[in-house]
Chemist: 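One structure, as structure tokens, below. Some questions next.
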Amino acid sequence: MAYFYEEPSRTFGEYLLVPGYSSAENVPTAVSLKTPLVKYRKGEESCPLQMNIPMISAIMQSVSGDKLAIALARQGGVSFIYGSQSIENEAAMVRRVKSFKAGYVVSDSNLAPTATLHDVLELKARTGHSTIAITADGTPGGKLLGIVASRDYRVNHTPDDACVTTFMTPIEKLVTAPENTSLHDCNNIIWDNKINTLPLVDAEGNLKYIVFRKDYDSHKANVNELLDKNKSYVVGAGINTRDYAQRVPALVEAGVDVLCIDSSEGYSEWQSRTIGWIREHYGDTVKVGAGNVVDAEGFRFLAKAGADFVKIGIGGGSICITRETKGIGRGQATAVIEVAKARDEYFKETGIYVPICSDGGIVHDYHITLALAMGADFVMLGRYFARFDESPTNKVRINGQYMKEYWGEGSNRARNWQRYDLGGSTKLSFEEGVDSYVPYAGPLADGVQTTLYKVKSTMCNCGALSIPELQQKAKLTVVSSTSIVEGGSHDVVLKNATPSIMNG
Ligand code: IMP
């Protein structure tokens with residue numbers, strides 16, 4: 001006879017945290033959100049790969065490109081570049097993140113000396129950047145001839161067809177520095193010469209990077225940024241259970257720090273085969289997460305198979321229609337609570353701590369705190385990150401409101417059939433995701449910092465200064481449907497009524 005769970009499965013929206021005692025030391029600035037990303041053994045000094053914030057971005061075309069990966073690593077989290085693209089393109093994205101040096105910018109606005117003011121204005125409108133490098137061949141790495149900044153021309157005054165060479169600051173008058181100049185020295189040169197930009201050139205005079213005064217300042221302000229031992233940003237990448245023998249070596253070659261098998265169903269032989277192949281070829285040097293599962297059995301299976309972390313969640317994603325189409329899944333809160341218990345038991349038995357990630361279904365910022373309190377080591381978010389400037393999708397205006405596009409990996413638009421692969425078909429036979437819009441939310445840094453300030457404040461209310469302390473001290477209660485109504489503003493007429501759905 002089929003197995004019936006005694007309790008219904010629940011979502012985050014059905015829980016609240018009950019405050020505990022908070023001492024004078026419980027202030028948000030004192031809270032650490034450091035958390036392990038991959039497994040470690042009891043007694044080991046520390047986890048080999050930790051994050052400074054408990055957030056990773058979803059393995060999705062509409063979320064995790066290289067720009068978002070850089071922005072998130074700068075805040076202390078990790079992006080997993082989407083795997084539903086060619087191996088070459090995915091590896092190229094990883095390479096772009098790894099070769100990005102915080103503070104050093106590869107110029108994205110370049111023109112050849114034959115260009116005119118008209119070209120300058122057009123490029124500026126397209127990129128939003130006002131510093132343009134004039135290189136011999138118009139490429140980012142060509143011989144540097146000069147720089148055009150806004151102060152070099154007057155719109156409606158300088159003729160539209162004026163050649164850039166007539167108004168740029170020529171190389172003879174520019175302050176430049178050798179390509180290997182340290183960021184600290186670059187900053188001194190910038191201050192000593194009262195300039196805003198410092199081009200770095202190689203021995204032949206080819207442009208390598210530009211250091212901007214404002215970027216140096218923001219680099220220094222990013223105390224949480226997540227760097228590897230070479231001071232490059234940490235980045236992850238999605239893989240599937242089909243082409244791993246080709247994809248994994250290419251991603252490793254590109255310098256990826258951690259992989260994750262991207263699948264709607266993780267409790268499967270395909271995942272253990274994929275992890276097995278990685279262990280056979282790379283031992284423990286290549287880190288790989290697996291999932292998704294929603295119960296203790298699924299967790300134990302993947303932990304035993306050698307996963308470095310395990311992802312939880314089936315059917316809870318904002319763009320997900322798996323529960324409607326296939327009738328499988330589980331309330332995300334219940335799934336996290338059960339898997340967290342299994343993780344702790346596994347740790348007791350084996351001395352191996354396998355971090356767990358709650359993936360999908362985070363609607364309000366406090367859901368992150370709930371997931372952590374319930375035992376998650378970190379959360380994966382799709383919709384949340386899709387809203388920011390740095391996500392790879394278009395920003396569009398709909399009914400006077402700015403939106404970003406956001407579509408599921410199981411939608412016809414993404415056609416990521418490997419994610420739903422059951423070994424036979426090579427095409428998506430039916431959709432498990434939708435194509436949608438989410439309200440535009442500005443730069444990632446602002447959004448993440450606001451969210452995490454809220455998380456830290458709630459942790460303080462629970463008397464916790466770290467995630468493990470929150471997990472020990474948290475008191476959680478299921479709320480009734482009427483108390484959910486009571487929790488929002490009620491029985492008042494709001495002056496500025498804005499849609500209450502889809503906030504961060
Ligand atoms: P969100 O943060 O609620 O938007 O959920 C994001 C998560 O939904 C991802 O990390 C995936 O686990 C899952 N997901 C992505 N695309 C699809 C889809 O097309 N169908 C079902 N789940 C999806």
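Note that ligands are numbered from 1 as they come in the structure, with each ligand's atoms numbered from 1 the same way.
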Chemist: Salt-bridged, Lys98 to Asp257, with N to O below 4.0 Å?
Modeler: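 The answer is yes: the pair qualifies as a salt bridge.
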Chemist: Do Val354 and Tyr346 come close enough that some side-chain heavy atom pair is under 4.5 Å?
Modeler: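 A side-chain contact exists here, since the closest heavy-atom pair is under 4.5 Å.
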Chemist: Do Asp262 and Arg242 sit within salt-bridge range, that is, some charged N less than 4.0 Å from a carboxylate O?
Modeler: no
Chemist: What residues sit with at least one heavy atom under 4.0 Å from ligand 1?
Modeler: Ala58, Met60, Asn292, Gly317, Ser318, Ile319, Cys320, Thr322, Asp359, Gly360, Gly361, Met380, Leu381, Gly382, Arg383, Tyr406, Gly408, Glu409, Gly410, Ser411, Arg419, Tyr420, Glu432, Gly433
Chemist: Using a 4.5 Å cut-off on heavy atoms from C-beta on, say whether the side chain of Met55 contacts that of Phe385.
Modeler: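 Sidechains of Met55 and Phe385: in contact.
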Chemist: Could I get the full list of side chain to side chain contact (heavy atoms under 4.5 Å, CB included) partners for Pro249, not counting sequence neighbours?
Modeler: Trp277, Tyr282
Chemist: Could you tell me if Arg273 sits above the aromatic ring of Tyr244, with its cationic atom closer than 6.0 Å to the ring centre and no more than 45 degrees from the axis?
Modeler: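 No - Arg273 does not lie over the ring of Tyr244 by the 6.0 Å and 45° rule.
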